[in-house]
Student: 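After the structure tokens below, expect a handful of questions from me.
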Protein chains: 2
Amino acid sequence: MGDLPLSKTDRKNKVNNPKSDYETGLSDDEQLDLRIWLRLLTCTHLIERRVRKNLRDDFDTTLPRFDVLAQIDRAPDGQPMRELSNRLMVTNGNITPLVDRLVDDNLIKRDPSTEDRRVQHVSLTSEGQNALDKMIPAHSSWVNSLMANLDRESALDLHKLLGDLKNSILKAEIE
Amino acid sequence: MGDLPLSKTDRKNKVNNPKSDYETGLSDDEQLDLRIWLRLLTCTHLIERRVRKNLRDDFDTTLPRFDVLAQIDRAPDGQPMRELSNRLMVTNGNITPLVDRLVDDNLIKRDPSTEDRRVQHVSLTSEGQNALDKMIPAHSSWVNSLMANLDRESALDLHKLLGDLKNSILKAEIE
DNA sequence: ACTTATTACTTTAGATCTAAACCATTTAAT
DNA sequence: ATTAAATGGTTTAGATCTAAAGTAATAAGT
């Protein structure tokens, strides 16, 4: 895919890079990619576990509920359910009961769209906004403290490389 | 925490870095950490979605089942349930029914430990080993293709930085 | 020996998730 | 206009997950 004569994809080709780990049958590049994937997963799990616990201990709520509230907050005028499930990257069938419960708890509200009768616009109630306003800085500080041992330059590099990775994935998804 | 005079933790201090985003009330470093966390989550979700779909389409199985099989494979002589849940970073109560189903499908087997009557050693059956041997290279190639647009140097950097992040998290967990 | 943790695993209750089927509405294509 | 396709949302079935309680066996402290 790359324009460079020595792109990684070339080097991955077993004709160009016959050295494989005999035990696994995987090339060096494949091994590296798998290790990246494992670390990605580990970091995600570790952070999620901490955030989950803190949300429960400090706010008696759950991560998916917080995620929904935080996402709704990003569109103050309300947003359709589909946008929620897209942004949160979960299936649409998952959002409905989550929103149901948050509506029951009077933290968010559903308003039918005037333009499209299929659409339900979801937005925060003042109670929901209040609750979220307390959670946002706490959540931020938790993540912050987990990354405190990463110097700023590394953090900037990591942010950039994760952006590259995301683009690589999206490019691969298209084909 | 850092030994350097201008460590990130110092700069995070609002006295030293009074510039905050007025809208969010978060410092630049906090914003950066949150963005890293978001990208981490996005990449993880995107890869998981793809792997999940491919496992279903090509092998008619699920990601948690594959994870359990792959983890069991790493300890050929069998390993206790606890080690499984530790390495897969899920609660122990989650592993039991997953293992139950895989045993029912004759892909793995449980053997009581001779040394400790509480322990159940889990290992692959030959059927399970056969199934897994087909999945491993496929899984690797999927991950590989998702990262194909990342050049090798970036991949190495990313691997290293994710290691740094992991260490930072673990250090923070201890306190 | 005896009591008290601790550990390995299971069980329970309930929330969350996926995939797939479904309904209603809107859009596109004749 | 009429049909066909796409879209937004819900529902369903079933798997996966967490947290917390429970059970049995081991380890540690006195």
Side-chain angles (χ1 to χ4, degrees), chain A residues 41 44-69 71 78-105 108 110-122, chain B residues 41 44-69 71 78-105 108 110-122:
Chain A
L41 214 44
T44 301
H45 278 156
L46 287 173
I47 296 173
E48 272 195 349
R49 183 192 294 177
R50 165 59 46 187
V51 170
R52 216 179 278 275
K53 173 163 176 48
N54 288 354
L55 279 174
R56 184 166 38 85
D57 291 350
D58 295 0
F59 297 103
D60 193 30
T61 191
T62 64
L63 184 52
R65 287 169 65 96
F66 170 76
D67 284 342
V68 169
L69 291 180
Q71 182 49 50
Q79 62 188 310
M81 306 277 283
R82 166 133 296 274
E83 206 169 317
L84 269 183
S85 64
N86 276 343
R87 290 199 196 267
L88 296 174
M89 288 190 287
V90 294
T91 54
N92 23 6
N94 186 24
I95 290 294
T96 299
L98 254 170
V99 164
D100 284 346
R101 264 174 260 132
L102 288 168
V103 168
D104 288 347
D105 295 346
I108 65 179
R110 262 194 267 239
D111 297 303
S113 165
T114 53
E115 294 152 3
D116 187 332
R117 270 187 293 177
R118 294 168 302 178
V119 174
Q120 300 274 342
H121 281 291
V122 182
Chain B
L41 214 45
T44 299
H45 278 154
L46 288 173
I47 296 174
E48 272 194 349
R49 183 192 293 178
R50 165 58 46 185
V51 170
R52 216 180 278 275
K53 173 162 176 45
N54 288 354
L55 279 174
R56 185 165 38 82
D57 291 351
D58 294 0
F59 298 102
D60 193 31
T61 191
T62 65
L63 184 51
R65 288 168 64 97
F66 171 74
D67 284 342
V68 169
L69 292 180
Q71 182 49 51
Q79 62 186 312
M81 307 275 284
R82 166 133 294 277
E83 206 170 315
L84 270 182
S85 64
N86 275 343
R87 289 197 196 271
L88 296 175
M89 288 189 288
V90 294
T91 54
N92 22 4
N94 186 25
I95 291 293
T96 299
L98 254 172
V99 164
D100 285 346
R101 264 175 259 129
L102 288 169
V103 169
D104 288 346
D105 294 346
I108 65 178
R110 263 193 267 239
D111 296 303
S113 164
T114 54
E115 294 151 3
D116 188 331
R117 270 187 293 177
R118 293 169 301 180
V119 174
Q120 300 274 340
H121 282 292
V122 183

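Per chain, numbering begins at 1; letters A, B, ... match sequence-line order.
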Student: Return the nearest nucleotide to the side chain of A/Val119; candidates are C/dA19, C/dA15, D/dG9.
Tutor: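 Per side-chain heavy atoms of A/Val119, the pick is D/dG9.
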Student: Looking at C/dT26, I'd like to know if its phosphate oxygens (OP1 or OP2) sit under 4.0 Å from a side-chain N or O belonging to A/Arg117.
Tutor: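 A/Arg117 to C/dT26 OP1/OP2: side-chain N or O found under 4.0 Å.
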Student: Answer yes or no: does atom CG of A/Asp60 have more than 12 heavy-atom neighbours from other residues, nucleotides or ligands under 6.0 Å?
Tutor: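 No, not enclosed.
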Student: Separation of B/Asp57 atom CG from C/dA20 atom C1', in whole Å?
Tutor: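 Distance check: B/Asp57 CG to C/dA20 C1' gives 13 Å.
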Student: Any base atoms under 4.0 Å from B/Leu63, or only sugar-phosphate, or nothing? Heavy atoms, all strands.
Tutor: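 The residue B/Leu63 makes no contact with any strand.
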Student: Between C/dT26 atom P and A/Arg82 atom CZ, what is the distance in whole Å?
Tutor: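 Distance check: A/Arg82 CZ to C/dT26 P gives 17 Å.
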Student: Mind calculating the distance between CZ (B/Arg118) and C1' (D/dA27) to the nearest angstrom?
Tutor: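 Rounding to the nearest Å, CZ of B/Arg118 and C1' of D/dA27 are 8 Å apart.
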Student: A/Thr96 has a side chain; which of D/dG9, C/dC17, C/dC9 sits nearest to it?
Tutor: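 Ranking D/dG9, C/dC17, C/dC9 by closest atom to the A/Thr96 side chain puts D/dG9 first.
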Student: Considering the options A/Leu98, A/Leu63, A/Thr62, A/Val90, which one meets the side chain to side chain contact (heavy atoms under 4.5 Å, CB included) requirement together with A/Val68?
Tutor: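 Looking at A/Leu98, A/Leu63, A/Thr62, A/Val90, the match for A/Val68 under the side chain to side chain contact (heavy atoms under 4.5 Å, CB included) is A/Leu98.
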Student: Round to the nearest Å and state the distance from B/Phe66 atom CZ to C/dT18 atom P.
Tutor: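 So the two atoms are 19 Å apart, to the nearest Å.
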Student: May I ask you to say what B/Leu98 touches in the nucleic acid, namely base, sugar-phosphate or nothing, with a heavy-atom cut-off under 4.0 Å?
Tutor: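 Contact class for B/Leu98: sugar-phosphate only.
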Student: Select one nucleotide: of C/dC9, C/dT25, C/dC17, the one nearest the side-chain heavy atoms of B/Asn92.
Tutor: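 Among the listed nucleotides, the one closest to the side chain of B/Asn92 is C/dC9.
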Student: As a test of understanding, state which of B/Val122, B/Asp116, B/Val119 forms a side chain to side chain contact (heavy atoms under 4.5 Å, CB included) with B/Pro80.
Tutor: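 Among the candidates, only B/Val119 passes.
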Student: Measure CG/A/Leu84 against P/D/dT10 and give the value in whole Å, please.
Tutor: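 So the CG-P distance, A/Leu84 to D/dT10, works out to 11 Å.
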Student: Check the pair A/Asp105 / A/Arg65 against side-chain contact (heavy atoms from CB on, under 4.5 Å), numbers first and verdict last.
Tutor: CA-CA 11 Å; A/Asp105 295 346; A/Arg65 287 169 65 96; 2.7 Å; yes
Student: Taking for each residue the nucleotide of DNA chain D with the nearest heavy atom, is it A/Glu83 or B/Thr91 whose nucleotide lies nearer the 5' end?
Tutor: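 Nearer the 5' end of the strand: A/Glu83.
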Student: Indicate, with a heavy-atom threshold strictly under 4.0 Å, whether B/Asn94 touches base, sugar-phosphate, or nothing.
Tutor: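 Since a base atom lies under 4.0 Å of B/Asn94, the category is base.
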Student: What integer distance in Å separates A/Glu115:CD from D/dT7:P?
Tutor: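 After rounding, the gap between these two atoms is 18 Å.
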Student: Does A/Thr62 reach a base, just sugar-phosphate, or nothing at all? Heavy atoms under 4.0 Å.
Tutor: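 Since only primed, P, OP1 and OP2 atoms lie under 4.0 Å of A/Thr62, the category is sugar-phosphate.
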Student: Contact class for A/Arg65 vs. all strands (heavy atom < 4.0 Å): base, sugar-phosphate, or nothing?
Tutor: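 If one applies the 4.0 Å heavy-atom cut-off, A/Arg65 turns out to touch the sugar-phosphate alone, with no base involved.
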Student: Within the structure shown, what part of the strands sits under 4.0 Å from B/Arg110 by heavy-atom distance: base, sugar-phosphate, or nothing?
Tutor: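 It contacts sugar-phosphate atoms only.
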Student: Closest-nucleotide mapping onto DNA chain C: is A/Gly93 or B/Asp100 further toward the 5' terminus? I mean the 5' end.
Tutor: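 In this pair, the answer is B/Asp100.
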Student: Check whether any side-chain nitrogen or oxygen of B/Arg56 sits under 4.0 Å from OP1 or OP2 of C/dA20, and answer yes or no.
Tutor: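 Result: yes.
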Student: Hey, could you give me the CE/CG distance between A/Met89 and B/Leu46, rounded to the nearest 0.5 Å?
Tutor: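 Result: 5.0 Å between the selected atoms.
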Student: Can A/Arg110 and A/Asp100 be said to form a salt bridge (charged side-chain N to carboxylate O under 4.0 Å, His left out), step by step?
Tutor: CA-CA 9 Å; A/Arg110 262 194 267 239; A/Asp100 284 346; 2.2 Å; yes
Student: Rounded to whole angstrom units, what separation is found between the NZ atom of B/Lys53 and the C1' atom of C/dA20?
Tutor: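 Spelled out: NZ on B/Lys53 to C1' on C/dA20 is 12 Å.
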Student: Taking atom C1' of C/dA15 as reference, at what distance in whole Å does atom CD1 of A/Ile95 sit?
Tutor: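 Computing the A/Ile95:CD1 to C/dA15:C1' distance gives 14 Å.
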Student: Between D/dT18, D/dC17, C/dC9, which one does the side chain of A/Arg52 approach most closely?
Tutor: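 The listed nucleotide nearest to A/Arg52's side chain is D/dT18.
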